[in-house]
Amino acid sequence: MAEQVAEKSASNRADELYRLRHSTAHIMAAAVLEMFPDAKLAIGPPIKDGFYYDFDLPRPISTEDFGQLRGRMIQLVKRDVPFEREEWPKDKARDFFSDQPYKLELIDGIEGDTVSIYKSGPLTDLCAGPHVESSGVLENFDLLKVAGAYWRGDENRPMLQRIYGTAWPTKKELDHYLYTIEEAKRRDHRKLGKELNLFDFHELSPGSVFWKPKGWTAYRELKNYFRQIEQQQGYIEICNPSFYHQDLFEQSGHLEHYEDNMFTMDVHGQTYCLKPMNCPDTMLFFASQKRSYRELPLRVAEFGHLHRNERPGALGGATRVRQFVQDDAHIFCAQEHLYDEIALFLEMVDATYGMFDMEYELELSTRPDEYLGELAMWDEAEASLKRALEEAGKPFTIDEGDGAFYGPKIDFNVLDCLGRDWQCATIQLDFQLPRRFELTYTGADNDEKTPIVIHRAIAGSLERFFAILVEHFAGVFPTWMAPIQAVVIPITDEQNDYAFDVADRLKQAGIRVEVDHRSEKVGYKIRESEKQKIPYMLVVGGREEEADTVALRTYQEGRRGVMEIDELRREIVEKIEERTLDVEIDRPDLAQPDDAAQVGQEMEERGY
RNA sequence: GCCGACGUAGCUCAGUGGUAGAGCAGCUCUCUCGUAAAGAGCAGGUCACCGGUUCGAGUCCGGUCGUCGGCUCCA
């Protein structure tokens, strides 16, 4: 019952935001028409957090035009122009929109003999509605950015200019939203990566991460974690080459489907390719010896370096790169292993994301219209996936028909600080690849059988996952991942020897510790350590040296007072060994006022 | 790849056609200091790259590369 009420109120809220944002889009279109009477209008829907409208304009528009555009919109809001709905026969609409080619195309796509029209001030627009009653309530908006967008999302059709804006019922919500945008920029992994000296980029290798010592240390810790849980779950790890004769990808089918994304090179008259995925060469591993049913399920991990030739405009930070490593593994198994393998993987994903306190969403994609393999196999595989999901007790959505032609899959999406969702973990069943490589194992009945392959990754791209973690933590790594876990700060040069002695004692326990022995004041060194987000700061002066202690300050808790070195060492070592999440995940900037996230999801589901 | 914006010192950024600037970081010296910035001095630039206009280009124009925001694609 309570749930129903909540649903209803979210619905009302979604309706309100829908009307508000959709109407603001119309007001913007009206203002654009005032500025550019020849503008051709495309579509202007509400979206999560705001709205956009696509235009075909006589000249490029830029944020420099926002002042004027905003001013004209405010005028329309102040005039409180009503939104009036009319129902027109299609012929009348075609006549009216005769110089608006995109509207004409939309009219042709609408069912029935009539279309609905909304008039608001100078704008008469083809629109299904609904809208607010009049524009007076639309005062809490702002214009955000301009972007290019293809008409109907088709890259073969004209490129339009899209203006993005945001709109809220109250000034408070608008201000909060604008604040979240600023706050999100502050924790952008590209900015933090530079400030914390984690990684770099260089134009001589676009789309590649240059790992610096600090970032590489944290990255290695992350990779070690994946190695460890895989090893605990009975995975074996291999390391194969990065480039292959193209025949490998001919056989796997990648050349046919993926060639545009592959780097190829001529080697003594033969064509070689950098591998874009680990699957084909893992097939070679399986085929490298005679296999028995006793070996199954065979879980083979490979942290291979992958190269994909992304289009220049698609690159971005460490989240979208040309070379990366996946925490990839392929499980060779029989039909009867499917359920257990899927269930085991769901546990691993949940444990990992839980360890980082990350939210994620699950989506099951089922058999597409064009598929390969036997129907019965598909049905059984999908049933296994569904049952594992249900028994894991996590909510999931089903995307019917969105599976790959070679098998169904589950995708796991996590949200980054900008609210973008990234596909990280994935588990895909594959009935085709083993056949293409003619893989077999000997069954208990001495028959040769074809295994099923499961592709799976928890982080997906380690580079991307690392970037998401940086944003998630706002640069404050838990102690086990921190590049420098402790810094010893002598108060004067007198304590330098003692400081190095303390550092040595911690180093012996495997703790990453440095001594800041520069001739600077304590305050200065503390400030530097705070800025570098070092979890443990150990101040040593005359008193500490005398008593063989340190004055402890931590990033999370501030001053903690004097501590014995053994006790401190135990505390840090335990956190490292347990991989304790000893940082607060600070999400105030991610929090939406009330239920905007739910509303956003609902709007998405309705196809707004 | 497409649309748009941007590219000046290691970093953050000033510089509207007439001698390339600041803060921080770096180096040297002084200070030896008790929990988020001590002081002084020095050094640091082919203004992304290529071409054009001009007596003269960081500045104007064209191209290339890169970065960013989107679109398309996607881990």
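Within every chain, numbering begins at 1; the chains are lettered A, B, ... in the order of the sequence lines, protein sequences first and strands thereafter.
Enclosure of atom CD in A:Glu221 by more than 12 non-hydrogen atoms of other residues, nucleotides or ligands within 6.0 angstrom is indicated.
Counting non-hydrogen atoms under 4.0 angstrom, A:Ala459 reaches nothing in the nucleic acid. Nucleic acid contact for A:Glu494: none, since no nucleic acid atom lies under 4.0 Å from a heavy atom of the residue. Within the nucleic acid shown, A:Gly542 comes within 4.0 Å of at least one base atom, counting heavy atoms only. Heavy atoms of A:Gln423 sit under 4.0 angstrom from primed sugar atoms or phosphate atoms, though from no base atom. A:Phe465 comes within 4.0 angstrom of no nucleic acid atom, judged by non-hydrogen atoms across all strands. Among the heavy atoms of the strands lying under 4.0 Å from A:Leu315 are primed sugar atoms or P, OP1, OP2 only; no base atom is included. Nucleic acid contact for A:Lys525: none, since no nucleic acid atom lies under 4.0 Å from a heavy atom of the residue. Within 4.0 Å of A:Gly153, counting heavy atoms only, lie sugar-phosphate atoms of the nucleic acid but no base atom. Nucleic acid contact for A:Gly561: none, since no nucleic acid atom lies under 4.0 Å from a heavy atom of the residue. At the heavy-atom level, A:Arg311 lies under 4.0 Å from base atoms of the strands shown. Counting any heavy atom pair closer than 4.0 Å across all strands shown, A:Val539 reaches a base atom.
We find that A:Arg320 and A:Glu463 are not joined by a salt bridge, their nearest charged nitrogen and carboxylate oxygen being 4.0 Å or further apart. In this structure, A:Arg70 pairs ionically with A:Asp142, as a charged nitrogen and a carboxylate oxygen lie closer than 4.0 Å. Salt bridge A:Arg227/A:Glu237: present, at least one basic N to carboxylate O contact under 4.0 Å. Classification of A:Asp154 and A:Arg152 as a salt-bridged pair fails, no side-chain N sitting under 4.0 Å from a carboxylate O. Electrostatic pairing of A:Glu195 and A:Lys531 does not count as a salt bridge here, judged by no charged N lying under 4.0 Å from a carboxylate O.
Note: CG (A:Asn261) to P (B:G1) measures 13 Å, nearest angstrom. In this structure, the CE atom of A:Met159 is 8 Å from the C1' atom of B:U72, given to the nearest Å. Rounded to whole Å, the distance from CG on A:Asp54 to C1' on B:U72 is 14 Å. Whole-Å rounding puts the A:Leu144 CG to B:C68 C1' distance at 16 Å. Atom CG in A:Leu143 sits about 16 Å away from atom C1' in B:G4, given to the nearest Å. At whole-Å resolution of the value, CZ in A:Arg543 and P in B:C33 are 12 Å apart. Straight-line distance from the CG atom of A:Asp200 to the P atom of B:G66: 17 Å, rounded to whole Å. For A:Asp154 and B:C73, the CG to C1' distance is 13 Å, given to the nearest whole Å.
For A:Arg308, counting side-chain heavy atoms from C-beta on, the closest listed nucleotide (B:A75, B:C11, B:A36) is B:A75. Taking every side-chain heavy atom of A:Gln161 into account, B:C3 is the closest of B:C3, B:G69, B:U35. The listed nucleotides are B:A37, B:A5, B:G1; the one nearest the side chain of A:Pro312 is B:G1. Comparing B:C73, B:G69, B:A75 against the side chain of A:Ala147 picks out B:G69 as the nearest. Side-chain atoms of A:Glu310 lie closest to B:C73 of the nucleotides B:C73, B:G34, B:G4. Among the nucleotides B:C33, B:A75, B:U32, the one closest to any side-chain atom of A:Ser461 is B:A75. Distances from the side chain of A:Ala551 to the nucleotides B:U35, B:A37, B:C68 place B:U35 closest. With distances taken from any side-chain atom of A:Glu155 to the nucleotides B:G34, B:A36, B:U72, the minimum falls on B:U72.
If you check distances only, the side chain of A:Glu544 does reach the base of B:G34 with a donor-acceptor pair under 3.5 Å. At a cut-off of 3.5 angstrom, the base of B:A37 holds no donor-acceptor pair with the side chain of A:Glu530. A donor and an acceptor atom sit less than 3.5 Å apart, one in the side chain of A:Tyr150 and one in the base of B:G1. Counting atom types as modelled, A:Arg320 pairs a side-chain N or O with a base atom of B:C73 as donor and acceptor under 3.5 Å.
For A:His257 and A:Phe405, the distance between ring centers is under 6.0 angstrom.
Rounded to the nearest 0.5 Å, atoms SG (A:Cys424) and CG (A:Leu462) are 10.5 Å apart.
Using C1' as the reference atom, B:G17 and B:G23 are 28 Å apart when rounded to the nearest Å. Between B:C60 and B:C55, the two C1' atoms lie 16 Å apart (nearest whole Å). B:A75 and B:A57 are spaced 50 Å apart, taking the P atom of each and rounding to whole Å. When the P atom is used for both B:G45 and B:U8, the distance is 15 Å, rounded to whole Å. Rounded to whole Å, the C1' atom of B:U59 lies 10 Å from the corresponding atom of B:C47. Here, B:U53 and B:G69 have their C1' atoms 32 Å apart, quoted to the whole Å. For B:A48 and B:C42, the P atoms lie 28 Å apart once the distance is rounded to whole Å. The C1' atoms of B:A20 and B:U46 are separated by 12 Å, rounded to the nearest whole Å.
The residue among A:Leu160 and A:Pro206 whose nearest nucleotide of RNA chain B is located toward the 5' end is A:Leu160. Both A:Ile61 and A:Gln428 lie near RNA chain B, and the one whose nearest nucleotide falls closer to the 5' end is A:Ile61.
For the pair A:Lys212 and A:Phe199, the NZ or CZ position fails the cation-pi test of under 6.0 Å to the six-membered ring centre and within 45 degrees of the ring normal. A cation-pi geometry, defined here as NZ or CZ lying under 6.0 Å from the six-membered ring centre and within 45° of its normal, does not hold between A:Arg527 and A:Tyr524. By the 6.0 Å and 45° rule, A:Arg157 does not stack over the aromatic ring of A:Tyr150.
Inter-residue side-chain proximity for A:Phe500 and A:Val488 is flagged as unmet; no heavy-atom pair is nearer than 4.5 Å. Considering only heavy atoms from C-beta on, A:Tyr53 stays 4.5 Å or farther from A:Ile163 through its side chain. Considering only heavy atoms from C-beta on, A:Thr24 comes within 4.5 Å of A:Met73 through its side chain.
Between A:Arg456 and B:A75, a side-chain N or O to OP1/OP2 separation shorter than 4.0 Å is absent. The side chain of A:Lys145 contributes an N or O atom lying less than 4.0 Å from OP1 or OP2 of B:G70.
In this structure, A:Phe324 counts as stacked on the base of B:A75 under the 5.5 Å centre distance and 30° plane angle limits.
Annotated stems with RNA chain B as a participant read B:1-7 with B:65-71, B:10-13 with B:21-24, B:26-30 with B:38-42, B:48-52 with B:60-64, given as range with range, by first number; only runs of 3 or more Watson-Crick or G-U pairs under 3.5 Å qualify.
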For a quick check, with a 4.0 angstrom heavy-atom cut-off, what is the B/S/- contact string for nucleotides 38-49 of chain B, read 5' to 3'?
B-----------

